[in-house]
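In what follows, a single structure is set out as structure tokens and then discussed.
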Amino acid sequence: MELADKTCLIVGATGAIGHAVAESFHREGARVALTFHSQRKRAIGKTLSPTDPRVAVFKLDVRNRKDVRAVVARVRQKFGPITVLVNCSGVLGPIGATHKVSAARWLQAIEINLVGSFHLVQAVLPSMLAAGQGKIIQFSGGGAAATGAGAVGAAGADPAAF
């Protein structure tokens, strides 16, 4: 897909992968909407050029459906329809014996990694389908495909860890 003049929403652009994707897409001529979650990471867009009209930065909590929809609407308002969604947001969930890990941290990982992905796709897919074009790229960590001992609830994990 040619990226020149396309609108790309890159979620989790503060991480190494998201940042590299953002820089690459920007070099190819895309309009890039970058998201961050924590205030300390807000400077992500400044590395591309703070005055570049093809760069916008938004705070986003993917766990919050209304927040996702609001950011998607703001991106569309600024740049037009989103052609590419790249989701690099994610966290490593708790590792350890199931009965010893924090339920709150486990739920947070599910909300960010799974529910957040759902919110993003649900927000961008209708306009991509209407336009007859679009790409959705979802990144995941190694724990999603190859689990190990202590990975809570993971298939294939060492039963002694549970």
Can you tell me how far [atom2] of [Y] sits from [atom1] of [X], rounded to the nearest 0.5 angstrom?
| X | Y | atom1 | atom2 | value |
| --- | --- | --- | --- | --- |
| R74 | Q77 | CZ | CD | 8.5 Å |
| S127 | Q133 | OG | CD | 10.0 Å |
| L9 | L34 | CG | CG | 8.5 Å |
| S24 | L3 | OG | CG | 7.5 Å |

Quick one, [X] and [Y] - any side-chain contact, counting heavy atoms below 4.5 Å?
| X | Y | answer |
| --- | --- | --- |
| R105 | V101 | no |
| I110 | W106 | yes |
| F25 | V86 | yes |
| R76 | P81 | no |
| E28 | K6 | no |
| V91 | N113 | yes |
| F36 | V57 | yes |

Checking the side chain of [X] only, and the main-chain atoms of [Y] only, is there a donor and an acceptor separated by less than 3.5 Å?
| X | Y | answer |
| --- | --- | --- |
| R31 | C8 | no |
| D67 | L60 | no |
| T35 | G12 | yes |

Does I17 have more than 12 heavy atoms from other residues, nucleotides or ligands lying within 6.0 Å of its CD1?
no

Run the side-chain contact (heavy atoms from CB on, under 4.5 Å) test on D61 and H37 for me, step by step, so that the C-alpha distance in whole Å, both residues' side-chain angles and the decisive distance to 0.1 Å come before the verdict.
CA-CA 6 Å; D61 182 349; H37 182 258; 3.8 Å; yes

State, to 0.1 Å, how close [X] and [Y] come at their nearest heavy-atom pair, and which atoms those are.
| X | Y | answer |
| --- | --- | --- |
| V55 | K78 | O-CE, 4.2 Å |
| G93 | A109 | CA-CB, 3.7 Å |
| P126 | V121 | CD-O, 4.4 Å |
| A22 | I10 | CA-CD1, 3.4 Å |
| H119 | R63 | NE2-O, 3.5 Å |

List the steps and the verdict of side-chain contact (heavy atoms from CB on, under 4.5 Å) for I136 and M128.
CA-CA 10 Å; I136 297 174; M128 288 180 174; 3.9 Å; yes

Whether the H26 and D52 side chains hold a donor-acceptor pair (N or O, under 3.5 Å, no angle test) is what I'd like checked.
yes

Find out if a path of hydrophobic residues (ILVMFWY) with successive side-chain heavy-atom gaps under 4.5 Å connects [X] to [Y].
| X | Y | result |
| --- | --- | --- |
| I137 | L125 | no |
| I82 | F58 | yes |
| V62 | L85 | yes |
| V72 | V11 | yes |
| L120 | F79 | yes |

